[in-house]
Amino acid sequence: MEKITDLCTGCRACEHLCAHHAISMVEDKEGFLTSSINQEQCVDCGLCVARCPQNTPVDTKYPQRVFAIRLKDDELLYRSASGGAFAGIAKAWINEGGVVFGVVYDKEWNAHHVCASTLDELSPILSSKYVQADTRHTFTEVKQYLKDGRKVLFSGTGCQIAGLKAYLKKNYENLFTLDLICHGVASPLLFKKYISWLGEKKKSPILDYDFRDKRYGWGLDYMFKYSKKSERKSCTIDPYYYRFLEGFTYRECCFQCHYCNPQRAGDITIGDYWGIEKEHPSFFNNKGVSCILINTQKGLTVWAKYSTLFYSLESTFEKVARHNGNLVQPTKREAAIRDFIYDGINTPNWFSNTFAASFRPSLKVKLKSMIPMWCKFLIKKLV
């Protein structure tokens, strides 16, 4: 066996499935994890190729109901990226004895999945991480918890949910999956170089980073801490964040994603309800609004159980998708930029001398970045 797929997402399903331990994950030239086969240990059984969710997409469902929601718990809502959809459900899940899988950073700024069984362990999972997360050994952990009879909530991108399903190959009643509206993922190596660059600029290691700081309301402002200081800035003047949102740094397979369409991989799908000020003006709130797509009967059951934790308003898939294009199709690949965006990433001082140096926001963009997001929402609402 020479190759499993041309569109590896790095989900690790094949690695965990291989009984001969012939598959490992290695970093490619852009810093993404990809599958590698040890030919001496491979017996050509074909299991990895057959079960790879990129070769054989898993079962997906079209949303049955769609809501705009906002968590009633203001403290938890503040620590959430948008309307607190994940936070509210995850907290209730843990309080009922279940476990929750989500993404945290380690000390080296690697984003990876972990299991949370307490509210303290849940806290670092909250808010968004705009970088590809490593599932590490969590698929096998999930399987053991399920076999032990524990309730498991697994959150991740569509391809990660698909990877878990491909690995399990069984519909466990005590498994609940929550997928995110995903634009695409940036390289973990790029993100670590970015954090290092920020630290060099401030002459101090970065201690904390939040892509979705809500100090001045819901939006796309980020915050980072160093020494005893913290700074908040707009995504539009940041080289890493802006290029991520523009789709210039995504993994190649993201531009051909099987899960950026109306057929969803998770029991429910969550994301920011961008455009809420246009679609449902009375429900707009500066604290954040999430959209939640209920895709399966299991999703309907869970929503019926936890819906009282939220303020909610029924909406439609079409309204949400108008402002979340990745519910309809993958991000378009801009060849003129994507072909070269990672060139030289492994050379010294590449981020500062090449990646950041080539990013020059205009004066107009800099001035607009000073306007709070709540003010921008208000202007849109009035217009």
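Keep in mind the model is a prediction, meaning the values are calculated, not measured.
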Is a side-chain N or O of [X] found less than 3.5 angstrom from the main chain of [Y], in a donor-acceptor match?
X: T56; Y: P53; answer: no
X: Q41; Y: H20; answer: yes
X: K129; Y: V103; answer: yes
X: D208; Y: F224; answer: no
X: S358; Y: T354; answer: yes
X: R51; Y: C14; answer: no
X: S80; Y: G83; answer: no
X: R65; Y: N295; answer: no
X: T331; Y: H183; answer: yes
X: N285; Y: K287; answer: yes

With heavy-atom distances below 4.5 Å as the criterion, would you say the side chains of [X] and [Y] are in contact?
X: N38; Y: S36; answer: no
X: E15; Y: T140; answer: no
X: K225; Y: I206; answer: no
X: N171; Y: E173; answer: yes
X: R150; Y: L146; answer: no
X: Y172; Y: V152; answer: no
X: K192; Y: N110; answer: yes
X: L189; Y: E27; answer: yes

Between [X] and [Y]: side-chain donor-acceptor atoms closer than 3.5 Å:
X: Y273; Y: S315; value: yes
X: S123; Y: R79; value: yes
X: Y222; Y: D210; value: no
X: R264; Y: T269; value: yes
X: T157; Y: D179; value: no
X: S227; Y: S204; value: yes
X: S117; Y: E121; value: yes

Using 30° and 60° as the class boundaries, would you call the ring planes of [X] and [Y] parallel, tilted or perpendicular?
X: W93; Y: Y306; value: perpendicular
X: Y130; Y: Y241; value: tilted
X: F355; Y: W350; value: tilted
X: F154; Y: F139; value: perpendicular
X: Y145; Y: F101; value: perpendicular
X: F211; Y: Y209; value: perpendicular

TODO: Compute both the distance and the angle, then confirm whether K72 meets the cation-pi test with Y311: under 6.0 Å from the six-membered ring centre, within 45 degrees of the axis.
DONE: yes

Task: Y167 six-ring face occupied by K143 cation (under 6.0 Å, within 45°) - done: yes

If hydrophobic clusters are built by linking Ile, Leu, Val, Met, Phe, Trp and Tyr wherever their side-chain heavy atoms come under 4.5 Å apart, do [X] and [Y] end up in the same one?
X: F191; Y: L220; answer: yes
X: I337; Y: Y194; answer: yes
X: L175; Y: L180; answer: no
X: I69; Y: L300; answer: yes
X: I94; Y: F86; answer: yes

TODO: Please assess F244 against Y250 for the test ring pair (Phe, Tyr, Trp, His ring centres under 6.0 Å), listing each intermediate value before the final yes or no.
DONE: CA-CA 7 Å; F244 170 82; Y250 299 164; 5.3 Å; yes

Task: Shortest non-hydrogen separation from S128 to A81 and the atoms involved - done: OG-CB, 3.4 Å

- [ ] Could you give me the CA-CA distance, side-chain angles and deciding distance for V289 and D272, then say whether side chain to side chain contact (heavy atoms under 4.5 Å, CB included) is met?
- [x] CA-CA 6 Å; V289 180; D272 290 85; over 6 Å; no

Open item on the list: Among L153, L309, V100, which residue satisfies the side-chain contact (heavy atoms from CB on, under 4.5 Å) criterion with I89?
Closed with: L153

TODO: May I ask you to say whether K305 pairs ionically with E96, meaning some side-chain N is under 4.0 Å from a carboxylate O?
DONE: yes

Task: Check: F317 ring centroid to Y62 ring centroid under 6.0 Å - done: yes

